[in-house]
Amino acid sequence: MPAKMTSARGGASSAVDVSVTDSPLANFESLTQASVIAVMGAAIVISNILIIASFLNFKGLSNEVINYYLLSLAVADLLCGVFVVPLSVYPAITGRWMFGDLMCRLAGYVEVTLWSVSVYTFMWISVDRYLAVRKPLRYETVQTRTRSQCWMVFTWISAAMLCLPPLLGYKKEANFDKETFICMLDWGTTYAYTATLAILVLGPSVISIVYNYFYIFSMKRKLHSGAPIHDKEYATALAENLSNPSHWMSFVLVTVFWLSWAPYISVELYEYFTDQKIKVPMLHFAVVWLGIMNSFWKIVILISLSPQFRLALRILCLTACCRTKGRLQAELIGMDNDD
């Protein structure tokens with residue numbers, strides 16, 4: 001998740017002694033927040049397990065390179081649901097961190113690393129969709145399965161390395177936010193590094209996403225307007241690629257991701273530059289967990305906009321109690337093609 005700017009949040013986001021803070025009584029509000037977090041965690045884990053299992057069980061996975069990027073997103077969200085979200089349930093009830101300073105620092109590192117992986121992966125998805133439109137005749141030779149897998153390995157390694165320095169900093173105490181019930185790395189003491197990391201992660205990603213989807217939708221508009229394209233083979237391949245629902249599906253995924261995190265980013269920027277904390281009950285809790293909830297919406301978007309994923313999910317559900325997976329899968333693919 002985005003780096004926390006601690007200078008504007010006062011006591012709530014500053015470093016606290018997590019071992020000394022007294023536990024408040026579990027009132028209705030804290031129980032409600034803990035319940036919301038627990039339900040979100042379960043939804044995130046179950047939905048992403050279904051996504052991963054559906055794609056891995058589906059032999060047609062290799063048909064589109066974009067599916068490997070979707071798998072990477074699902075793995076990142078699943079790790080968030082397993083290693084980040086559950087650690088906030090008990091602190092939401094007690095009001096303090098109970099798992100030690102080292103675990104708090106590790107949780108903060110995992111959060112920002114997984115967020116960076118998601119941002120980079122959305123960039124690669126936009127590049128993949130751009131190449132499908134920009135070079136429709138050479139797309140399958142430019143975007144290969146091996147190349148996409150290499151990009152994903154590079155993305156995970158680079159994100160893990162880029163986010164590592166604050167974890168190894170000299171600050172010993174944990175940074176637990178008692179309003180949002182999550183731990184975050186202390187980025188406020190390393191402004192130059194934080195700014196550099198933000199540029200390295202957000203800069204190329206945002207620029208690529210905006211440019212690539214602008215080009216894709218511009219070409220769609222040009223093709224629908226009947227603009228003449230002299231190369232008939234190119235025009236046929238372009239029309240076929242533009243009809244792929246993956247373009248619209250991936251665009252919705254990217255848009256929902258940034259809309260989910262926009263309130264959190266806006267609040268943090270406002271408090272950082274004005275040096276004033278917004279004193280609205282539950283605001284910080286709401287904006288942070290709205291962003292984390294993005295890890296669940298992916299399955300809703302895939303079911304709604306991806307015929308291939310719906311087919312993969314159907315195969316997974318039917319083969320869960322059927323031994324003739326190969327024959328069933330072939331029949332379903334044939335039925336899907338007939339439709």
Given side chains that start at C-beta, do those of [X] and [Y] come closer than 4.5 Å, heavy atoms only?
X: R147; Y: V142; value: yes
X: W261; Y: W115; value: yes
X: Y213; Y: S250; value: yes
X: F83; Y: L106; value: no
X: W156; Y: L114; value: yes

Mind running side chain to side chain contact (heavy atoms under 4.5 Å, CB included) on L70 and F309 for me, showing each step along the way? CA-CA 11 Å; L70 295 176; F309 177 75; over 6 Å; no
How many angstroms lie between [atom1] in [X] and [atom2] in [Y], if you round to the nearest 0.5 Å?
X: F58; Y: L311; atom1: CZ; atom2: CG; value: 4.5 Å
X: Q33; Y: W289; atom1: CD; atom2: CH2; value: 10.5 Å
X: K298; Y: L253; atom1: NZ; atom2: CG; value: 7.0 Å

Have a look at W124 and tell me which of Y69, W151, Y130 forms a ring pair (Phe, Tyr, Trp, His ring centres under 6.0 Å) with it.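 Answer after filtering Y69, W151, Y130: W151.
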Mind listing the closest non-hydrogen atom pair of [X] and [Y] along with its distance?
X: L78; Y: V45; value: CD1-O, 3.8 Å
X: I44; Y: D77; value: CG2-O, 3.3 Å
X: G41; Y: V85; value: CA-CG1, 3.6 Å

Is the ring pair F181/F285 parallel, tilted or perpendicular, if the boundaries are 30 and 60 degrees?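 Ring orientation of F181 relative to F285: perpendicular.
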